[in-house]
Amino acid sequence: MNRKRPYARILPLLVIISVIVAATVTGCGTSTGSAAPASAAPAKQLVFYSAQGYDSAMAKAFQAKTGIQVKLVDDSTGKIVAKIDAERSNPHWDVAWFDGDSTMQGLDNEGMLLQNWTPKDVSNLTALGQSLVPADKAYYPASVTAAAAIGVNTKLLSPDQYPKDWRDLLTPVFKNSLAMNDPSISGPTYPYVAGIMDIMGTAQGKQYFQDLKANGLRVFPTNDNTLKALLAGQVKAVTIQDSALAAAEVKGDPIKIIYPSSGVFTLPGVIAINKNAPDMAAAKQFVEYVLSPAGQKVMADVKNGGGDSYFNPVINGIQPNPARQQSGINWVKVDPIKAAKDENSLKKWFHDNIVQ
């Protein structure tokens, strides 16, 4: 019997040791099996689709200010919209930002955008800025440029030959000497075409472009091609987005910018939130940052945005780039709902009747 007593003592001790070891192993498994406690909030990430020149600088500034990681997808407006459409059933993006409210309105019409949300400090929008906010508040303007102004080569025309309004481009001075972009390729050009239809009426607007064609109008794909034609002396005047003209003028190119007296058409840089944004809170923070003085300062720095930085502010108290004309411009707001509705048919008409 005495031989069994040592085993009787050892057995409870082994049980205790086993319990301690098991608890230790379980604890170690918890600490190494996950990066953070189950209750910790996941790291925020903003997925940002953009066609703006200053988007990379804006993403970095926002990330530095908030600590929110930003994944930027930068491409042309057409490709951004196609990507958004392709992701319709499984969207990955939080915020979209590009020029042209008619295009953004198209996304709104398809039910893709967050509606009826108001950023803080939205009352700081100028009167022009307020006029560009849609009734359902699905997107907001962050800047505005002219969809098209007239740029003339000062080496080829004397001041007395400069046009004052759109119809002056039909005179013999501009016979075979005017160029513009193709609205099916160049994002800013469609609002220009739609704007002409607005101020002249659809029938007279179409006739205007047909008369330009009869006078020798040349159509190039984008701003770069059209500006090259102007500077090379292939044409005497062009009608393209005014920020591109301002950037060329600052470089010292022989260009004079003319804002037609009957009006130039607003091309707002518009920003919107996906109604199913994966990170809604980060998306709202980002839009508010863009519309803040700090965000506007990032946009206005030419080192960040190049030609896109030559815009007219729509936020009160923001100092515009002095190289760009701010006053004396007769702004005409293009109806984005009508423009979105007519976009496919107008682009087809222009291609069939003007480009070809």
(message) Tell me whether Trp97 contacts the main-chain N or O of Phe48 through its side chain, where contact means a donor paired with an acceptor under 3.5 Å.
(response) no
(request) Quick one: which residue pairs count as a side chain to side chain donor-acceptor pair (under 3.5 Å) with a foot in residues 129-153, not counting sequence neighbours? (result) Gln105-Tyr139, Gln115-Asp136, Thr118-Lys137, Thr145-Gln241
(request) Indicate whether any N or O donor in one side chain lies under 3.5 Å from an N or O acceptor in the other, for Ser261 and Asp165. (result) yes
(request) Kindly give the heavy-atom pair with the smallest separation between Asn274 and Pro91, and that separation in Å. (result) ND2-CB, 3.3 Å
(request) Identify, with sequence neighbours excluded, every residue that meets ring-ring contact (aromatic ring centres under 6.0 Å, His included) alongside Phe220. (result) none
(message) Using the rule given for side chain to side chain donor-acceptor pair (under 3.5 Å), can you reason through Asn181 versus Thr226, listing the C-alpha separation, both sets of side-chain angles and the distance that settles it, and then say yes or no?
(response) CA-CA 7 Å; Asn181 300 342; Thr226 307; 2.4 Å; yes
(request) State whether the side chain of Asn304 and the backbone N or O of Val298 hold a donor-acceptor pair below 3.5 Å, judged by distance alone. (result) yes
(message) Can a donor-acceptor pair be found, under 3.5 Å and without considering hydrogens, that links the side chain of Lys83 to the backbone of Tyr49?
(response) no
(request) Would you please name every residue forming a salt bridge (charged side-chain N to carboxylate O under 4.0 Å, His left out) with Lys347, sequence neighbours left out? (result) Glu343
(request) Please answer whether the main-chain N or O of Gly187 pairs with a side-chain N or O of Thr189 as donor and acceptor at a distance below 3.5 Å. (result) no
(message) For Lys155, give me all partners under salt bridge (charged side-chain N to carboxylate O under 4.0 Å, His left out), at least two apart in sequence or on another chain.
(response) none
(message) Looking at Lys333 and Asp198, is any side-chain nitrogen of the basic one under 4.0 Å from a carboxylate oxygen of the acidic one?
(response) no
(message) Holding to salt bridge (charged side-chain N to carboxylate O under 4.0 Å, His left out), I want the full list of residues that pass it with Asp108, two or more places apart in sequence or in another chain.
(response) none
(request) Keeping the roles fixed (side chain from Asn215, backbone from Thr171), state whether a donor-acceptor pair exists under 3.5 Å. (result) yes
(request) Determine, using the 4.5 Å side-chain heavy-atom cutoff (strictly less than), whether Ile150 and Phe265 are members of one ILVMFWY cluster. (result) yes
(request) Verify whether one side chain among Asp99 and Gln52 offers a donor that lies under 3.5 Å from an acceptor in the other. (result) yes
(request) Could you pull out all residues at least two apart from Asp85 that satisfy salt bridge (charged side-chain N to carboxylate O under 4.0 Å, His left out)? (result) Arg88
(message) Check the orientation of Tyr192 and Phe209. Use parallel for under 30°, tilted for 30 to 60°, and perpendicular for over 60°.
(response) perpendicular
(request) Indicate the ring-plane relationship of Tyr54 and Phe311, choosing parallel, tilted or perpendicular according to the 30° and 60° boundaries. (result) perpendicular
(message) I'd like to know if the side chain of Asp160 pairs up with that of Ser158 as donor and acceptor (distance under 3.5 Å, no hydrogens or angles considered).
(response) yes
(message) Can you tell me how far apart CG (Asp242) and CG (Asn312) are? Round to the nearest 0.5 Å.
(response) 7.0 Å
(request) Would you mind telling me which of Asn353, Asp211, Leu346 makes a side-chain contact (heavy atoms from CB on, under 4.5 Å) with Lys206? (result) Leu346
(message) According to a hydrophobic-cluster definition based on side-chain heavy atoms being under 4.5 Å apart (Ile, Leu, Val, Met, Phe, Trp, Tyr only), do Trp166 and Leu230 belong together?
(response) yes
